[in-house]
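As the structure is a prediction and not an experimental result, all values here were calculated from the model.
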Amino acid sequence: MRKYLRLHRIFIAQDLKKLMEYKVDFLMGAIGFVLVQAVKIFTLGIMFSAIPALFYKENGTIVDAWTFNEVLFIYGFSLIPKGIDHLLFDNLWGIGYWTVAKGDFDKYLTRPVNSWFYVLTEKFCVDAFGDLFVGIVLVVYSVISMPAEIAANIDWLRLIPVAFVIPFAVMIYTSVKTATAAISFWTKRSGHITHMCYMTNEFSSYPAKIYNNVVKTIITYILPFALTAYYPAIYLLRGEYPFHLLLTVGVSIVLFIISQLVWKLGVRSYESAGS
């Protein structure tokens with residue numbers, strides 16, 4: 001374990017040295033991520049300018065509602081585990097899009113380290129700080145600007161279990177990318193599959209209750225991004241769904257094991273590019 005942690009630090013240091021040579025590239029990447037999130041928040045603001053809150057109805061009766069500040073809190077919180085995964089483990093995208101197809105995966109098999117670990121730690125995506133910055137700012141701003149009666153329901157002691165599950169939420173993102181990227185070992189390219197599955201996380205930025213049962217089941221149990229954002233965020237805000245924090249831990253572990261099995265089977269099936 002010490003060996004791998006030391007290697008991770010070395011890879012990060014090397015990537016930071018490269019970034020010092022291309023400062024403008026890093027800056028533009030970070031600004032780009034901030035602008036993308038700004039457009040989404042602007043769209044959210046326009047939507048709430050026409051409605052007082054986001055309502056959930058059963059048999060025509062309103063049974064739940066979320067104000068703009070609460071939805072903004074959930075959206076901001078969703079960017080934190082997503083941003084950490086982007087920061088540390090985003091090199092998996094290349095496996096599905098070009099690395100296997102070009103035969104460049106060979107180099108990961110000729111090093112005396114685990115191939116999956118090498119792929120994960122080879123790249124340090126500093127532009128992900130844009131996501132993390134926006135996420136933290138939105139969480140803080142939404143709490144500060146909340147009506148007093150809503151803010152009064154927040155028990156900050158809930159932050160302890162929520163902080164505990166954040167690494168497991170990150171693991172969900174990484175496991176989904178690992179399993180879908182590994183498909184390329186059989187198909188040569190699977191980047192579009194990774195992208196399709198990954199973009200499901202957009203549903204987790206909003207209250208899961210507003211979706212039908214099919215979508216809710218998918219984002220909770222199959223591609224469980226709701227466990228990375230909505231359920232921890234709403235527990236912190238209202239104390240609802242405490243069981244789903246445990247579910248986040250359990251599902252992330254199961255998903256991680258599955259992704260590792262798929263990866264190992266894929267590596268065994270890998271064929272280098274022909275001459």
Practice prompt. Determine, stepwise, if the pair I74 / F77 fulfils side chain to side chain contact (heavy atoms under 4.5 Å, CB included).
Written response: CA-CA 5 Å; I74 295 168; F77 186 91; 5.8 Å; no
Discussion item. Check whether Y75 reaches the backbone of L138 with its side chain - one donor and one acceptor, N or O, closer than 3.5 Å.
Written reply: no
Fill in: Heavy-atom check, side chain of I234 versus side chain of P207, under 4.5 Å
no
Fill in: Sidechain-backbone polar pair: D131 side chain, L79 backbone, donor-acceptor under 3.5 Å
no
Practice prompt. Using modelled atom types only, decide if a donor and an acceptor are shared between the side chain of Q260 and the backbone of I257 within a distance under 3.5 Å.
Written response: no
Worksheet item: Same cluster or not: are I154 and I160 linked, directly or through other Ile, Leu, Val, Met, Phe, Trp or Tyr residues, by side-chain heavy atoms under 4.5 angstrom apart?
Response: no
Worksheet item: I84 versus Y173: any side-chain heavy-atom pair under 4.5 Å?
Response: no
Discussion item. Membership question, hydrophobic clusters at under 4.5 Å side-chain separation (ILVMFWY): are L237 and W156 in the same one?
Written reply: yes
Worksheet item: Under 4.5 Å between any side-chain heavy atoms of I258 and S175, yes or no?
Response: no
Fill in: From CA spacing to verdict: side chain to side chain contact (heavy atoms under 4.5 Å, CB included), L265, W186
CA-CA 10 Å; L265 288 172; W186 292 280; 4.0 Å; yes
Discussion item. Just checking Y211 against F203, ring centres under 6.0 Å apart?
Written reply: yes
Item to complete: For the pair F185 and W263, name the ring-plane relationship: parallel under 30°, tilted 30 to 60°, perpendicular over 60°.
Response: perpendicular
Worksheet, complete the sentence: Note: V139 and F73 closest approach over all heavy atoms is CG1-CE1, 3.5 Å
Discussion item. Less than 4.5 Å apart, side chain to side chain, heavy atoms only: is that true for F225 and E202?
Written reply: no
Discussion item. With a 4.5 Å cut-off on side-chain heavy atoms, are T180 and S190 touching?
Written reply: no
Fill in: Over 12 non-hydrogen atoms of neighbours within 6.0 angstrom of OH in Y198
yes
Worksheet, complete the sentence: For V170 and P81, the nearest pair of non-hydrogen atoms, with its separation, is CG2-O, 3.7 Å
Discussion item. As a quick check of understanding, evaluate side chain to side chain contact (heavy atoms under 4.5 Å, CB included) for L72 and W66, giving each step before the final call.
Written reply: CA-CA 10 Å; L72 199 62; W66 299 268; over 6 Å; no
Discussion item. Using side chain to side chain contact (heavy atoms under 4.5 Å, CB included), reason through T194 and Y97 one step at a time and then give a plain yes or no.
Written reply: CA-CA 9 Å; T194 302; Y97 274 113; 5.8 Å; no
Discussion item. Please report the interatomic distance CZ(F243) to OH(Y231), rounded to the nearest 0.5 Å.
Written reply: 11.0 Å
Discussion item. Check for me, please, whether L223 and M196 land in the same ILVMFWY cluster - side-chain distances under 4.5 Å, paths through other members count.
Written reply: no
Discussion item. Donor-acceptor pair, distance only, cut-off 3.5 Å: does the side chain of S204 make one with the backbone of T200?
Written reply: no
Worksheet item: Who else is in I183's hydrophobic cluster (ILVMFWY, side-chain heavy atoms under 4.5 Å, direct or via others)?
Response: I193
Worksheet item: Hey, does the side chain of T174 reach the backbone of M171 with a donor-acceptor pair shorter than 3.5 angstrom?
Response: no
Worksheet item: After noting the C-alpha distance and the side-chain angles of N69 and S142, does the key distance pass the side-chain hydrogen bond (donor to acceptor under 3.5 Å, both in side chains) rule?
Response: CA-CA 5 Å; N69 295 98; S142 62; over 6 Å; no
Practice prompt. Answer yes or no: is there a side-chain heavy-atom contact under 4.5 Å between L120 and L88?
Written response: no
Worksheet item: What about the rings of F105 and W116, do their centers lie closer together than 6.0 Å?
Response: no
Practice prompt. Mind listing the closest non-hydrogen atom pair of T220 and L227 along with its distance?
Written response: O-CD1, 3.3 Å
Discussion item. Tell me whether L236 shares a hydrophobic cluster with L246, the cluster being built from Ile, Leu, Val, Met, Phe, Trp, Tyr side chains joined at under 4.5 Å.
Written reply: no
Practice prompt. Identify the two heavy atoms, one from S115 and one from Y108, that lie closest to each other, and give their separation to 0.1 Å.
Written response: CB-O, 3.9 Å
Worksheet item: Rounded to the nearest 0.5 Å, how far apart are OH of Y230 and CD1 of I219?
Response: 9.5 Å
Worksheet item: Should we count CZ of F133 as having more than 12 external heavy atoms under 6.0 Å?
Response: no
Item to complete: Take T99 and D104 through the side-chain hydrogen bond (donor to acceptor under 3.5 Å, both in side chains) test and state the conclusion after the steps.
Response: CA-CA 5 Å; T99 304; D104 292 341; 5.9 Å; no
Worksheet item: Where do F89 and K177 come nearest, in terms of heavy atoms and distance?
Response: O-NZ, 3.2 Å
Discussion item. Quick check: is L157 connected to V162 through a chain of hydrophobic side chains (ILVMFWY, heavy atoms under 4.5 Å apart)?
Written reply: no
Item to complete: May I ask you to decide whether R158 forms a salt bridge with E240, counting only side-chain N to carboxylate O separations under 4.0 Å?
Response: no
Worksheet item: Side chains of V100 and R189: does their closest heavy-atom pair fall under 4.5 Å?
Response: no
Practice prompt. Determine whether L247 and Y221 make a side-chain contact, defined as any pair of heavy atoms from C-beta on separated by less than 4.5 Å.
Written response: yes
Worksheet item: Under 6.0 Å between the ring centres of Y235 and Y241?
Response: no
Fill in: Shortest non-hydrogen contact from I95 toward S184
O-OG, 3.4 Å
